[in-house]
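All remarks here apply to the structure that follows.
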Amino acid sequence: NEEPEIEEPTVEVPRARSNAELVFAHRNRGLSPEHPVVRGTAQNPDVYFQGREACNPYYNACPEIVQKTMDQFASVVGRQYHLFDYVGDPEATSVIILMGSGAESADEAVEALNAAGQKVGLLKVRLFRPLSIKHFIDALPETVKTISVLDRTKEPGSLGEPLYMDVVTALSETDRNPRVLGGRFGMSSKEFTPAHVKSVFENAASDAPKNHFTIGINDDVTHTSLPFDDSFSSEADDVVRAMFYGLGSDGTVGANKNSIKIIGENTDLYAQGYFVYDSKKAGAVTVSHLRFGARPVRSSYLITRANFIACHQFSFLEKYDMLDSIVDGGTFLLNAPMAAEEVWGALPKQVQQTIIDKKLKLYSIDADKVAEATGMGRRINTIMQTAFFYLSNVLPQDEAIAAIKTAIKKTYGKKGDEIVQMNYNAVDQSIEHLHEIAIGAADSTIEMPPVVSSDAPEFVQNVTATIM
């Protein structure tokens, strides 16, 4: 689930937009035993068809009413929306059409591709149905030659998904005749990244583009999927991208949500968090993805190029390849239950080699020892959060510590001053126990074990191990 920073309108905005008489009229039309009415009776063939067609004027009027309401909203809040919002090159020859959260990833990718000289664009659908052909055509660049329509659904047996079919129908009722391709993406929260967007544009530009394609998966059954370059990224280098590996119920997720609030409320930076949970919840792995930047964060996907990674459980080093996502020169923070001089030798050989190859900065803290000494029990969240702020420089260190303590007061104040002071002490002790680890040779005798035994059946090795 995502926790982004948003610009929230004041309570006066909906009040200014509301007509009290219409609100009460709507409520009075609701079913109530105080004024019973008969609804939903059976209608015979002599009148039913006419009654269904009688609603046409309301659907015909809907698009203009919605646009008028969007204009009124813009006059109060300052954010302008349209039934169809276009971004990209005004003379684009290739355009993607989609709606929903995937449009943010596509927007980010289009901006990067435009900067690289590509004439591409994105049409965001704000009102799907009733689809206004007039507004749709007006928003579409006249130069477009190929349209790729992306749906986040699957309609088995149909010639295409709903948005694709509506776009094809709308164009057939005008004199515009671009080539239209349909594709599916992001079902069941499957990742949709700028790399996928780039692949869709590459497919559209090919001599024999694939229609009714999928993107983001490897369809090895019906071979509908498009290949993509997973290394492509459109995120700016000045965005802080941090990943935190924790254990369910150890407080990692709660601390990271607090970090978002701290940065969002105490700086001009924009903040976003994604939190990935195992289905087993408590006692299982949690991965937090945090972004902070000077511009609004439109990256509606998990981090693949982190510049900061924290491992809150030392045992994860032998189970997960956490450093696969970190960029060269990044920072790795490790909760290690040992003295600082023993940390390097306790790392698996593969981890040591990755740290050397990527020229990472390695820091360790015995958060469990600090938690026990300060009366925090097994809750290491405050300690690791403090270490993150100290190392990341998202905030000046003094301001960061003060902001963390303010958040502690707000979060635990109702539990009494003793709990608050306990957390304050944990914050102060964290910095004293944080150490930078000298990078040595990759000479560890510890190896990362295989996911499953080499003696396991072929199915377990080739299928189950891949899923795990």
Side-chain angles (χ1 to χ4, degrees), residues 1-87 97-104 106-107 122-140 149-153 161-167 169-170 173-174 261 264-265 270 272 296 298 300:
N1 58 351
E2 181 183 6
E3 186 160 318
E5 181 182 352
I6 62 172
E7 295 179 14
E8 184 179 8
T10 62
V11 70
E12 286 75 18
V13 172
R15 286 178 179 171
R17 291 288 309 114
S18 300
N19 184 315
E21 292 183 5
L22 295 179
V23 171
F24 284 113
H26 172 73
R27 290 178 176 175
N28 290 333
R29 285 194 297 270
L31 293 175
S32 169
E34 301 299 326
H35 45 81
V37 294
V38 177
R39 295 182 186 177
T41 58
Q43 290 180 306
N44 291 328
D46 57 337
V47 296
Y48 178 78
F49 193 173
Q50 297 92 312
R52 292 303 300 132
E53 294 300 318
C55 69
N56 290 346
Y58 297 96
Y59 284 88
N60 294 339
C62 180
E64 291 292 350
I65 293 172
V66 172
Q67 185 57 64
K68 181 181 178 182
T69 303
M70 288 177 169
D71 294 340
Q72 292 172 342
F73 178 83
S75 68
V76 176
V77 178
R79 290 201 303 274
Q80 178 68 64
Y81 297 102
H82 301 92
L83 304 187
F84 300 90
D85 277 317
Y86 177 80
V87 295
I97 299 177
L98 80 164
M99 57 185 174
S101 61
E104 294 304 298
D107 193 335
L122 166 69
L123 190 63
K124 304 177 185 179
V125 180
R126 305 289 190 191
L127 178 65
F128 173 38
R129 288 179 180 168
L131 191 143
S132 169
I133 296 179
K134 175 185 179 302
H135 290 87
F136 168 65
I137 294 299
D138 288 347
L140 200 63
V149 185
L150 299 182
D151 280 273
R152 205 166 202 156
T153 185
E161 278 59 53
L163 183 57
Y164 168 79
M165 296 298 288
D166 278 16
V167 168
T169 302
E173 297 185 16
T174 71
K261 294 176 183 177
E265 294 172 0
Y270 292 88
Q272 177 211 59
R298 296 177 305 189
S300 54

Value for CD1 (Ile97) from OH (Tyr86), rounded to nearest 0.5 Å, stands at 10.5 Å

What's the spacing between His35 NE2 and Asn28 CG if we round to 0.5 Å? 5.5 Å

Over 12 foreign heavy atoms within 6.0 Å of CZ, Arg27: no

Report the C-alpha distance between Thr169 and Ile133 in whole Å, list the side-chain angles of each, state the deciding distance to 0.1 Å, and finish with yes or no for side chain to side chain contact (heavy atoms under 4.5 Å, CB included). CA-CA 9 Å; Thr169 302; Ile133 296 179; over 6 Å; no

Heavy-atom donor-acceptor pair, Asp107 side chain to Ala103 backbone, under 3.5 Å: no

Apply ring pair (Phe, Tyr, Trp, His ring centres under 6.0 Å) to Phe136 and list each qualifying residue two or more places apart in sequence or on a separate chain. Phe84

To the nearest 0.5 angstrom, please state how far the CD1 atom of Ile137 sits from the OG atom of Ser132. 9.5 Å

Give me each pair satisfying side-chain hydrogen bond (donor to acceptor under 3.5 Å, both in side chains) with a member in residues 45-55, each pair once, sequence neighbours excluded. Glu53-Asn56

Keeping Asp166 on the side-chain end and Phe128 on the backbone end, is there a donor-acceptor pair under 3.5 Å? no

To check you understand the geometry: which heavy-atom pair defines the closest contact between Ala54 and Pro57, and what is its length? O-CD, 3.3 Å

Closer than 3.5 angstrom, by distance alone: can the side chain of Gln80 be matched with the main-chain N or O of Phe73 as a donor-acceptor pair? no

Any Arg126 side-chain heavy atom under 4.5 Å of Val66 side chain: no

With distance as the sole criterion, is a donor-acceptor pair present between the side chains of His135 and Asp138 under 3.5 Å? no

For a quick test of reading the model, state the closest non-hydrogen atom pair linking Leu127 to Pro63 and the distance between them. CD2-CA, 3.9 Å

Heavy-atom check, side chain of Arg29 versus side chain of Val37, under 4.5 Å: no

Please find the pair of heavy atoms, one from Val125 and one from Met99, that lie closest to each other, and give the distance. O-CB, 3.3 Å

With sequence neighbours excluded, tell me which residues meet side-chain contact (heavy atoms from CB on, under 4.5 Å) with Ser300. Glu104, Ser105, Tyr274

Quick check for you: to the nearest 0.5 Å, what is the distance between Met165 atom CE and Leu131 atom CG? 13.5 Å

Is any side-chain heavy atom of Arg129 closer than 4.5 Å to a side-chain heavy atom of Pro162? yes

Got a second to check how far Leu150's CG is from Leu163's CG, nearest 0.5 Å? 8.5 Å

Flag the pair His82 / Gln67 as yes when at least one side-chain heavy-atom distance between them is below 4.5 Å, and no otherwise. yes

After noting the C-alpha distance and the side-chain angles of Leu31 and Arg39, does the key distance pass the side chain to side chain contact (heavy atoms under 4.5 Å, CB included) rule? CA-CA 9 Å; Leu31 293 175; Arg39 295 182 186 177; 4.0 Å; yes

